[in-house]
Amino acid sequence: MMFSHIVWSLRMLKKYSIGALLILSALIPVRVGMRYFEIYLPARIVACVTEERALGHTMFVVGALVLAIMLCAVCKTAMEEFGKIKLMIYRYKMEELVVKKDMHMFYQTYEKKEIRDLGSRAREATQMWNGREPVTDLLKSSFELIENLSGYLLFGSVLFSVNPFLIPLLTAAPIIHLLSVQAYQKWKYAQRKKITDLNKKLNFVTNLPSQFSVAKDIRIYGMTSWLKDCFRELSKEKEGWDKRIAAFGLLPKLVDLILILIRDGGAYALLILMVMQGKISVEKFVLYFAAVSSFADWIGGVIQSFQTMHACSLQVGEFREYVEYKEPEEGNRTVKKDDFVKPEIVFDNVCFRYDNAKKDAIHNVSFTLHGGEKLALVGVNGAGKTTLVKLLCGLYLPTSGEIRINGIPIGDISRREYYKLIAPVFQDIRTGFFSLAEIVSGAEPTKIDKRRVEDCIRQAGLGNKLDALPEGVATRLNKQVNQNGIELSGGEAQKLMLARALYKDAPLLVLDEPTAALDPIAEGRIYVEYNRMTENKTSLFISHRLASTSFCDRIILLKNGEICEEGTHKELLRKNGEYSTLFELQSCWYQEEGGAFV
């Protein structure tokens, strides 16, 4: 697998930064040549002196070798600096692959914890982590391995001419060290999931106090001591893992130290004995002595490069697993929004069950959302409303059954094309640090229709808020990031999301409890506004507050993932069933002073 990851990485490097590929290749002969000139120089000086060469000849030889070393050093430094820049470009491209996968991965797949954890480890592979940057270090260590093997063969040929016994002596020891390091790395890799979970928890607790959105809760609810205890407990656990990893990592280092004493000590002893016996000259002794030291460095480099390749390949493997993760098959049919004015949606015996669940979250649900109809989906929390919305939006695939839009199974349509037909407003809201115009349009500043943005914001009920902002739709959110930024209340943020849905102007509007942050009376009023805004569209309203959706053409009551009752608001009240009971229980929420009902 390691070889496969290296070949894949080389393909990616050629595709995204061929300059880095050329530089890494050119560095090999430059570094090896420089090292050889460095050990050859002192030997030639000794040879010139012992052979009583003329001063001019000696100066020429020394000058030529010094010049060669300087040229190699200049080329090496220049290529290393340019190589860093080119590899940085490559790393950014690898980060981009992860970000693209984050944004385009099928939602149902991305929602799984093991996939998100895999994504976290894929991101770690593109970043400096424990002194290592896996996506670039795998490539660098691969070329360094070739470099070290070249040096091993070149310097090995020099030592082989002295005594063939030196080669196995200097080579065997590092192999033993390599085996011990591999055993350590396999153990460390086996602990990665536990460490990933621990790091996530620790990062969450560490970053939570700096989040402005929870600052009030921490102070008012006296959460400081509790968070400190959580931090101490997680830090203690992390410290334990760090100590364990350091202790296991010490063993290969001790093995290496002992082997170095045996390896280098034996080689130097043999050379000293040979020069004392007159078997080699003084200049040869100087050359071979330096060659032994450099040969040991080449062997160490081979081992170190292989270790880095092995460790990085494991992480690059997870990177590849994530960015190449096979998505569920999707349709390839393209559609035009103009052909789906007031679309009809049909749920035909749809079931959905979450992974490892014992029963369906949605069970045998069948209904038709007619073109231009306003349909309300109501029920208590946990009834399956949000799951049904995700199915409708194409974020989940039904376990069984079929969903059709204008008679076409949504599975036959390209997801990207299908998403163009829907404008949802979900419960969970993330506004970021962008301007109001950017958030509503979801586009770059140069592509925004600001007049339309303002109209949509006013339609969504934020006209007074907009009038109070000096910069209007150019106002940015998040005070922590932007000096003149603002913070929206929960209700204002939900209205902003509604403005975004209106700006998209899709034929199918889905409102998944978008007014959950509002009080019941305000919610009732804004739903009346929604009724006006959604003319000429097919609309689905989801709420656990029954009175808010009484204006809809039809209401479906969900219970335990199944349709319990269906009809208009008045029809359901006359049935005196589940809907009527829930409505009576909630009716007090909608009484204003004087008993007027909203």
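Between Leu138 and His5, the shortest heavy-atom distance links the atoms CD2-O, 4.0 Å. Scanning all heavy atoms of the two residues, the minimum distance from Pro134 to Val316 falls at O-CG2, 3.7 Å. Nearest approach of Glu147 to Ile28, heavy atoms of both residues: CA-CG2, 3.9 Å. Of all heavy-atom pairs between Cys72 and Val30, the closest is O-CG1, 3.4 Å. Considering all non-hydrogen atoms of both residues, Thr334 and Glu417 come closest at CA-CG, 4.0 Å. Annotation for Arg416 and His104: closest pair NH2-CE1, 3.2 Å, computed over non-hydrogen atoms.
Remark: the backbone N or O of Lys86 is paired with a side-chain donor or acceptor of Ser17 at under 3.5 angstrom. In this structure, Gln108 contributes its side chain and Leu397 its backbone to a donor-acceptor pair below 3.5 Å. A donor-acceptor pair under 3.5 Å links the side-chain atoms of Asn148 to the main chain of Gly301, judged by distance alone. Under the 3.5 Å distance criterion, the side-chain polar atoms of Arg91 are matched with a main-chain donor or acceptor of Thr126.
More than 12 heavy atoms of other shown residues, nucleotides or ligands fall within 6.0 angstrom of atom NZ in Lys504. The number of heavy atoms from other shown groups lying within 6.0 Å of CD (Glu233) does not exceed 12. Around OH of Tyr40, the count of heavy atoms belonging to other residues, nucleotides or ligands within 6.0 Å does not exceed 12. For Asn207, the CG atom is densely surrounded, since the number of other residues' heavy atoms within 6.0 Å is greater than 12. The neighbour count for Glu329 CD, taken as heavy atoms of other residues, nucleotides or ligands under 6.0 Å away, does not exceed 12. The neighbour count for Lys228 NZ, taken as heavy atoms of other residues, nucleotides or ligands under 6.0 Å away, does not exceed 12. Heavy atoms of other residues, nucleotides or ligands lying less than 6.0 angstrom from NZ of Lys284 number 12 at most. Counted within 6.0 Å of CH2 on Trp226, heavy atoms from surrounding residues, nucleotides or ligands total 12 or fewer; the atom is thus considered open.
Atom-to-atom distance recorded for Ile89:CD1 and Thr136:OG1 is 13.0 Å, nearest 0.5 angstrom. Separating the CG atom in Leu139 from the CE atom in Met12 is a distance of 11.0 Å, to the nearest 0.5 Å.
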*Dump the intermediate steps for side chain to side chain contact (heavy atoms under 4.5 Å, CB included) on Leu251 and Ser180, then the final yes or no.*
CA-CA 8 Å; Leu251 295 177; Ser180 66; over 6 Å; no
*side chain to side chain contact (heavy atoms under 4.5 Å, CB included) between Met105 and Tyr322: does it pass, once the steps are laid out?*
CA-CA 10 Å; Met105 180 178 278; Tyr322 184 68; 3.7 Å; yes
*Could you give me the CA-CA distance, side-chain angles and deciding distance for Lys238 and Asn199, then say whether side chain to side chain contact (heavy atoms under 4.5 Å, CB included) is met?*
CA-CA 8 Å; Lys238 180 71 164 57; Asn199 285 333; 2.9 Å; yes
*Can you check side-chain hydrogen bond (donor to acceptor under 3.5 Å, both in side chains) on Thr308 and Gln304, steps first, answer last?*
CA-CA 6 Å; Thr308 303; Gln304 181 62 46; 3.3 Å; yes
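A salt bridge links Arg31 to Glu80: one of the charged nitrogens lies within less than 4.0 Å of a carboxylate oxygen. A salt bridge links Glu239 to Lys243: one of the charged nitrogens lies within less than 4.0 Å of a carboxylate oxygen. A salt bridge links Lys113 and Asp197; the closest N-O separation between the charged side-chain nitrogens and carboxylate oxygens is under 4.0 Å. Between Arg500 and Glu438, none of the side-chain N atoms (NZ, or NE/NH1/NH2) sits under 4.0 Å from a carboxylate O, so this pair counts as no salt bridge. Between Arg123 and Asp102 there is a salt bridge, since at least one side-chain N of the basic residue sits less than 4.0 Å from a carboxylate O of the acidic one.
Remark: Arg35 is positioned above the aromatic ring of Trp298, its terminal NZ or CZ atom under 6.0 angstrom from the ring centre and at most 45 degrees off the axis. For the pair Arg11 and Trp8, the cation-pi criterion (under 6.0 Å, within 45° of the ring axis) is not fulfilled.
In this structure, the ring of Phe106 has its center no less than 6.0 angstrom from the ring center of Tyr396.
Checked against Phe295 for a ring pair (Phe, Tyr, Trp, His ring centres under 6.0 Å), the options Tyr36, Tyr152, Phe155 give a single hit: Tyr152.
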